[in-house]
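Report on the structure given below.
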Amino acid sequence: MTHLLPALPYDYSALEPHIDARTMHLHHDKHHAAYVAKLNAALAPHTELRGRTASWLLLNLTKIPDDIRAAVHHNAGGHVNHSLFWQAMAPGGRGAPTGSLAAAIDRSFGSLGNLKAKFVAAGTAVFGSGWVWLAKGTRDDAPLEVLTTSGHDNPGMKGRFPLLLNDVWEHAYYLKYEDRRADYLQSSWSVVNWEEVTRRFERFGGTAEERWENEGGHLLSSTT
Ligand code: MN3
C-alpha cells in the first residue's frame, strides 16, 4: 500500500480571506505532501506493514520497528491530522451545530461561545508546534473536551476521538498572521465545516479501532 496525498476538497483560494491561497498551497502541496512521502519512504523496506492505514500506524506505535518508529510517528501523524483538517473546513463555513451535537456542546461547555473561547485560548497557549482539538471521550455519554497535542500527536493516542481541529504550527498561519496566532484561530471559525464535525460526532460508536478504520476509509487514500 502506498499512502497518497488527498486532494483538497475545495480550491486553494476558497478559504480567503481567513486562510490565504499561498498558505494553502504551501501547507497542502509542500508540508502535507512531505509527510506522505516520508511515511512511504520509512515503510518501503517493511513489507509487513503494507496494508496498514496511517491511523492504524499512529495508534500502534509500539508495534512499529525501532528503526522507523520516530519517522512513522511524525509522518503518519502529519498525514492523519492534515487529512482530518482539510475536511473540517469549507468555504464560508458550512452548517452549524444542531441536534445532539449542539446539546453535547451546551452540556460540556455551557454554550458554543464558551467552546470557541476555550478552543482559541488552548490553541494560543500551545508552546511550539502542535494542534488544538474538540474531541469526544471514550464513552458515548462522556463530555466533549478541548485538548491540545504537540508535534503531530492525535487525541486517538489518548483514547479520544477528534471532531474538530486546528493546526497551530507556524506554517499554518505565519504568512498572513505573522505572530498573531489567536487572530488566526478566531478567524478560522468562519470556515468550519460543521456538517463534517456533525458526521464525526454521529458516527461515534463501536470500538476505538473500528472508529479509526471507518475514518481511514473516509479520509485516507492509498493504492495497493
Ligand atoms: Mn500543518
Side-chain angles (χ1 to χ4, degrees), residues 3-42 53-55 57-59 61 70-91 119-120 122-135 146-158 160 162-193 196-197 200 215-216 218-221:
H3 300 273
L4 296 178
L5 178 67
L8 275 184
Y10 34 73
D11 191 76
Y12 293 94
S13 62
L15 305 179
E16 296 264 14
H18 308 287
I19 304 178
D20 59 292
R22 189 165 161 238
T23 293
M24 290 300 291
H25 271 288
L26 287 167
H27 202 174
H28 178 270
D29 300 357
K30 303 293 184 187
H31 291 280
H32 189 171
Y35 300 131
V36 174
K38 289 176 184 173
L39 178 62
N40 285 325
T53 63
S55 51
L57 294 166
L58 183 63
L59 299 185
L61 290 172
V72 168
H73 183 170
H74 182 72
N75 294 299
H79 182 29
V80 169
N81 291 359
H82 286 90
S83 299
L84 289 165
F85 182 50
W86 310 131
Q87 297 281 348
M89 297 188 287
F119 189 97
V120 170
T124 302
V126 170
F127 184 76
S129 298
W131 294 77
V132 56
W133 308 81
L134 173 67
V146 168
L147 52 97
T148 62
T149 55
S150 63
H152 287 317
D153 281 4
N154 181 293
M157 300 164 77
K158 300 174 186 170
R160 311 297 202 282
L163 305 177
L164 176 66
L165 68 164
N166 208 328
D167 186 341
V168 297
W169 287 55
E170 285 186 344
H171 67 225
Y173 62 87
Y174 209 84
L175 286 177
K176 178 178 173 70
Y177 293 90
E178 300 180 336
D179 60 338
R180 299 184 304 279
R181 188 195 283 177
D183 291 354
Y184 161 71
L185 287 167
Q186 194 61 48
S187 192
S188 295
W189 290 115
S190 298
V191 292
V192 170
N193 183 350
E196 173 66 10
V197 177
R200 291 177 190 168
E215 261 337 280
H218 179 69
L219 292 168
L220 302 169
S221 44

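Note that ligands are numbered from 1 as they come in the structure, with each ligand's atoms numbered from 1 the same way. Worth saying up front: this structure is predicted, and the values here are computed from it rather than measured. One-based numbering along the sequence shown.
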(Q) Less than 2.8 Å away from the Mn ion (ligand 1), how many protein N/O/S atoms can be counted, ignoring water? (A) 4
Q. For the rings on His32 and His27, is their centre-to-centre separation under 6.0 Å?
A. no
Q. Ring centres of His152 and Trp169 under 6.0 Å apart?
A. yes
(Q) Can you confirm whether the side chains of Trp131 and Thr148 place a donor and an acceptor under 3.5 Å from each other? (A) no
Q | Note, Leu84 side chain near Pro162 side chain (heavy atom, < 4.5 Å) | A | yes
With a cut-off of 3.5 Å and sequence neighbours excluded, list every side-chain donor-acceptor pair involving residues 5-12.
residue : atom : partner : partner atom : Å
Tyr10   : OH   : Trp86   : O            : 2.8
Asp11   : OD2  : Ser13   : N            : 3.1
Asp11   : OD2  : Ser13   : OG           : 2.8
Tyr12   : OH   : Asp29   : OD1          : 2.8
Tyr12   : OH   : Asp29   : OD2          : 3.2

Q) Does atom CZ of Arg22 have more than 12 heavy-atom neighbours from other groups under 6.0 Å away? A) no
